[in-house]
Number of protein chains: 2
Amino acid sequence: MATIYEVAARAGVSPATVSRLFNGSFVSADKADSIRRAAAELNFTPNRTARRLRKQSSELIALLIPDVENPFFTALARGVEDRAQQAGFSLVLCNTDDDPGKEEHYLDIAASEQMAGVILTPTAGEVDLGAIAALGRPVVAVDRTTPYPVDAVKIDNRAVGIAATGALFDAGFRRVACIAGPAGIEATEERYLGWREVATARGGGDLDGFLQHANYRVDGGRSAMQRLLELPVPPDAVVTTNNLMAVGALQVLAEAGISPRELGVAVVGDLPFTTLTPDAVAQVHLPARHLGTTAAAMLLDRIGGDSQPPRTVVLRGELRAG
Amino acid sequence: MATIYEVAARAGVSPATVSRLFNGSFVSADKADSIRRAAAELNFTPNRTARRLRKQSSELIALLIPDVENPFFTALARGVEDRAQQAGFSLVLCNTDDDPGKEEHYLDIAASEQMAGVILTPTAGEVDLGAIAALGRPVVAVDRTTPYPVDAVKIDNRAVGIAATGALFDAGFRRVACIAGPAGIEATEERYLGWREVATARGGGDLDGFLQHANYRVDGGRSAMQRLLELPVPPDAVVTTNNLMAVGALQVLAEAGISPRELGVAVVGDLPFTTLTPDAVAQVHLPARHLGTTAAAMLLDRIGGDSQPPRTVVLRGELRAG
DNA sequence: GTGAAAGCGCTAACAC
DNA sequence: GTGTTAGCGCTTTCAC
């Protein structure tokens with residue numbers, strides 16, 4: 001790896017001039033030429049580590065998500081990446097597994113790597129975002145909010161819970177259960193509150209056993225659906241508060257030979273890679289990618305020096321079918 | 001962000017001693033104590049950028065994949081991450097979109113960031129892996145091989161193509177078409193060669209129009225399936241050479257009211273998040289995660305100094321149902 | 001076992 | 001415009 005000194009020597013200029021050329025300052029045309037030639041001959045690429053040490057910052061953004069294998073979060077990541085790339089920033093994707101320890105670990109890394117900023121879906125744990133914020137590194141929370149005064153982009157979770165549940169009642173179902181994520185995660189709480197509101201108002205009867213907490217993955221949805229089917233008086237429809245749990249629920253139904261038209265299903269989120277026809281299941285589309293681009297835009301603003309008080313942007317879901 | 005000098009001053013030792021403590025050299029117990037206390041009080045985290053500049057290497061591995069939104073690659077990434085984490089390495093995930101330009105860009109970044117090594121699914125373009133290899137950074141190709149002499153982990157693609165096609169003939173289908181990925185991508189070529197071999201031997205008739213190239217995504221599978229259905233004499237079954245194209249094909253069939261039992265479907269790969277019962281579609285399971293752990297293990301060996309000639313590990317798929 | 005000091009490659013004052 | 005130089009925070013000889 002050639003250095004700026006070797007390029008300078010070969011081009012007959014000082015290292016500073018080489019640096020200037022690569023950083024946009026004006027350099028006389030003839031010197032610029034010979035520097036470019038020398039750089040090409042030596043296959044020179046500026047050493048980003050040295051630059052970062054000197055500048056105390058980099059063009060790297062960290063994105064911390066709970067699960068890279070969940071299409072909701074990869075779509076979100078895609079959005080962040082698109083926006084970041086436009087601005088010349090690269091993305092470092094980190095998987096927290098919803099483990100506060102891992103979240104903290106990656107936050108430390110982001111700080112000690114002089115990354116320009118962090119976008120994260122905070123875990124339920126009480127991780128100190130103050131530390132990194134105090135370093136002057138902007139932080140944006142996405143999909144979930146935090147007690148810390150940082151920017152946030154989220155979904156109107158109560159509304160999507162209401163929309164999904166409402167779609168089921170509109171279709172004629174009356175005993176609507178809910179498969180919710182782990183207790184303690186904000187997005188889930190708000191979504192099932194939406195369900196409870198509608199289910200209580202329109203369902204009439206009591207909701208005993210109709211709320212099932214589960215982990216946010218396919219297997220969580222499976223076991224919750226199984227428990228619902230074993231109820232003395234099972235529901236005639238079910239709402240899930242995320243995409244993957246719906247997959248699990250639908251798998252259990254398919255294996256039991258029950259079609260989603262017999263036992264209604266509505267999802268908060270999008271059924272990933274579904275091969276069902278669009279009208280089989282009510283889906284409340286969540287703008288995952290847009291969540292990402294919005295968060296990235298906010299972060300880039302902050303990196304650019306924007307210092308207004310923390311904002312929270314709320315995005316809306318959209319009922320798609322059913 | 002506190003520095004090693006501040007910690008040293010507070011603990012009444014030299015910076016070198018602080019460094020030694022954090023790097024495993026022996027330091028007398030009393031000094032170690034006061035250093036630890038000082039570090040804790042100052043909330044000290046070693047600056048990784050400075051360390052890297054000095055050491056000319058880092059505990060970072062780059063993983064370049066074509067599509068973060070494809071569950072095959074996220075599973076692979078998960079495997080790499082698991083193995084890397086065990087060894088104290090962190091992962092930087094980069095999306096190439098199968099664009100040689102982006103691949104090259106990220107390779108440059110990996111080099112100029114002093115990353116410890118690179119694992120990549122090479123694009124079809126002729127990107128120079130020699131440059132980074134010459135820098136002494138190990139490179140492992142995964143899922144696809146390259147003309148460069150680097151380690152590789154791949155699938156026995158011909159065998160999985162044969163297995164998927166064979167399953168369809170075993171189930172009684174006779175006019176078996178193939179939806180293959182873009183021409184020029186090795187994995188696809190080999191898989192469809194497997195299909196052709198079996199289809200020719202067991203299908204008898206000619207294969208005119210039965211080979212459809214498409215992009216590797218859901219929409220590619222959709223349009224290819226549509227073309228197949230419009231054939232004067234359509235196939236009675238279809239093999240797809242990756243997971244996402246199968247989703248597209250199944251969507252088109254579902255919309256046309258054709259069940260996968262009428263028109264047989266076999267997939268090379270795993271149907272992601274499927275809600276179909278396991279017997280509906282023949283799937284040749286691809287050990288994506290294992291591909292990742294294997295590649296990571298090889299890379300870590302190389303980082304550790306292993307210098308045997310490049311190896312290629314071939315993993316096998318496994319017929320799962322149908 | 002510990003300290004002093006050089007240097008990794010770059011950028012940004014500061015002179016000219 | 002361009003060169004000289006200091007220094008970002010760390011690790012690592014080299015003495016002691």
Side-chain angles (χ1 to χ4, degrees), chain A residues 1-36 38-39 42-60 88 108-116 135-137, chain B residues 1-36 38-39 42-60 88 108-116 135-137:
Chain A
M1 199 108 258
T3 75
I4 216 171
Y5 289 94
E6 305 174 59
V7 175
R10 192 174 190 111
V13 300
S14 79
T17 306
V18 178
S19 172
R20 287 187 187 107
L21 178 65
F22 282 97
N23 288 286
S25 298
F26 270 109
V27 170
S28 65
D30 56 332
K31 304 213 172 187
D33 268 5
S34 53
I35 293 172
R36 265 190 268 270
L42 294 171
N43 206 342
F44 170 75
T45 314
N47 182 316
R48 289 164 174 260
T49 304
R51 167 181 293 175
R52 189 183 312 174
L53 178 59
R54 179 58 225 243
K55 305 224 307 184
Q56 306 281 34
S57 83
S58 68
E59 271 75 54
L60 243 41
D108 272 359
I109 291 190
S112 76
E113 293 271 2
Q114 277 82 251
M115 296 197 190
L135 258 33
R137 304 295 179 195
Chain B
M1 197 109 259
T3 76
I4 216 171
Y5 288 93
E6 305 175 58
V7 175
R10 192 175 190 108
V13 300
S14 79
T17 305
V18 178
S19 172
R20 287 189 185 104
L21 177 66
F22 282 98
N23 287 285
S25 298
F26 269 109
V27 170
S28 64
D30 56 332
K31 303 210 172 190
D33 266 6
S34 52
I35 292 172
R36 265 190 269 271
L42 294 171
N43 206 342
F44 170 74
T45 313
N47 182 316
R48 289 163 175 259
T49 304
R51 167 182 291 174
R52 190 183 311 172
L53 178 59
R54 178 60 225 243
K55 305 225 305 184
Q56 306 280 33
S57 85
S58 68
E59 272 74 54
L60 242 41
D108 272 359
I109 291 190
S112 75
E113 293 271 2
Q114 277 81 253
M115 296 198 191
L135 258 32
R137 304 295 178 194

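Below, read A as the first sequence line, B as the second, and so on, with proteins coming before strands; counting in each chain starts at 1. What you see is a predicted model; the values in this text were computed from it and never measured.
When heavy atoms are screened at a 4.0 angstrom cut-off, B/Ser19 is found touching base atoms of the nucleic acid. A/Arg52 comes within contact range of no nucleotide atom at all, as no heavy-atom separation falls under 4.0 Å. If you check every strand for non-hydrogen atoms under 4.0 Å, A/Arg20 touches a base. B/Phe22 comes within 4.0 angstrom of no nucleic acid atom, judged by non-hydrogen atoms across all strands.
Within the 4.0 Å cut-off from OP1 or OP2 of C/dG3, at least one side-chain nitrogen or oxygen of B/Thr17 is found. Checking the phosphate oxygens (OP1, OP2) of C/dC8, no side-chain nitrogen or oxygen of A/Thr49 falls inside 4.0 Å. Listed pair A/Asn23 / C/dT11 meets the phosphate criterion, a side-chain N or O lying under 4.0 Å from OP1 or OP2.
At whole-Å resolution of the value, CG in A/Leu42 and P in C/dG9 are 14 Å apart. Taking atom CG of B/Leu21 as the reference point, atom P of D/dG9 lies 20 Å away to the nearest angstrom. Distance CG (B/Leu53) to P (C/dA6): 17 Å, rounded to an integer number of Å. In this entry the distance linking CD1 of A/Ile4 with P of D/dG3 reads 12 Å, nearest Å. One interatomic measurement links the two molecules: CZ of B/Arg54 to P of D/dC10, which rounds to 13 Å at whole-angstrom precision. One atom, CD1 of A/Ile35, and another, C1' of D/dT2, lie 10 Å apart when rounded to the nearest Å. Rounded to whole angstrom, the span from the CG atom of A/Asp30 across to the P atom of D/dG1 amounts to 12 Å.
Using a 4.0 Å cut-off on heavy atoms, the residues of residues 5-16 of chain B that approach DNA chain C are B/Val13, B/Ser14, B/Ala16, listed by number.
With DNA chain C read from its 5' end, the first of the two nearest nucleotides for B/Lys31 and A/Asn47 is the one closest to B/Lys31. Positionally, the nearest nucleotide of DNA chain C for A/Met1 lies more toward the 5' end than for the other of A/Met1 and A/Lys55.
Side-chain contact of B/Thr49 with A/Gln114: a donor-acceptor pair under 3.5 Å is present, judged by distance alone. Side-chain contact of B/Asn23 with B/Ser25: a donor-acceptor pair under 3.5 Å is absent, judged by distance alone.
In this structure, CD1 on B/Ile35 lies 8.0 Å from OG on B/Ser28, to the nearest 0.5 angstrom. Taking CG from A/Leu53 and CZ from B/Arg54, the interatomic distance works out to 12.5 Å, rounded to the nearest 0.5 Å.
Picking from D/dG1, D/dC8, D/dG3 the nucleotide with the shortest atom distance to the side chain of A/Gln56 gives D/dC8.
Residues A/Ala39 and A/Phe22 approach most closely at CB-CZ, 4.0 Å, considering heavy atoms. The nearest pair of heavy atoms linking B/Met115 to B/Leu60 is CB-O, 3.5 Å.
Axis deviation across the helix from C/dG1-D/dC16 to C/dC16-D/dG1 amounts to 40°, comparing end segments of five pairs, rounded to 10 degrees.
One finds no salt bridge joining A/Arg52 and A/Glu59 here, because no Lys/Arg side-chain nitrogen approaches an Asp/Glu carboxylate oxygen to under 4.0 Å.
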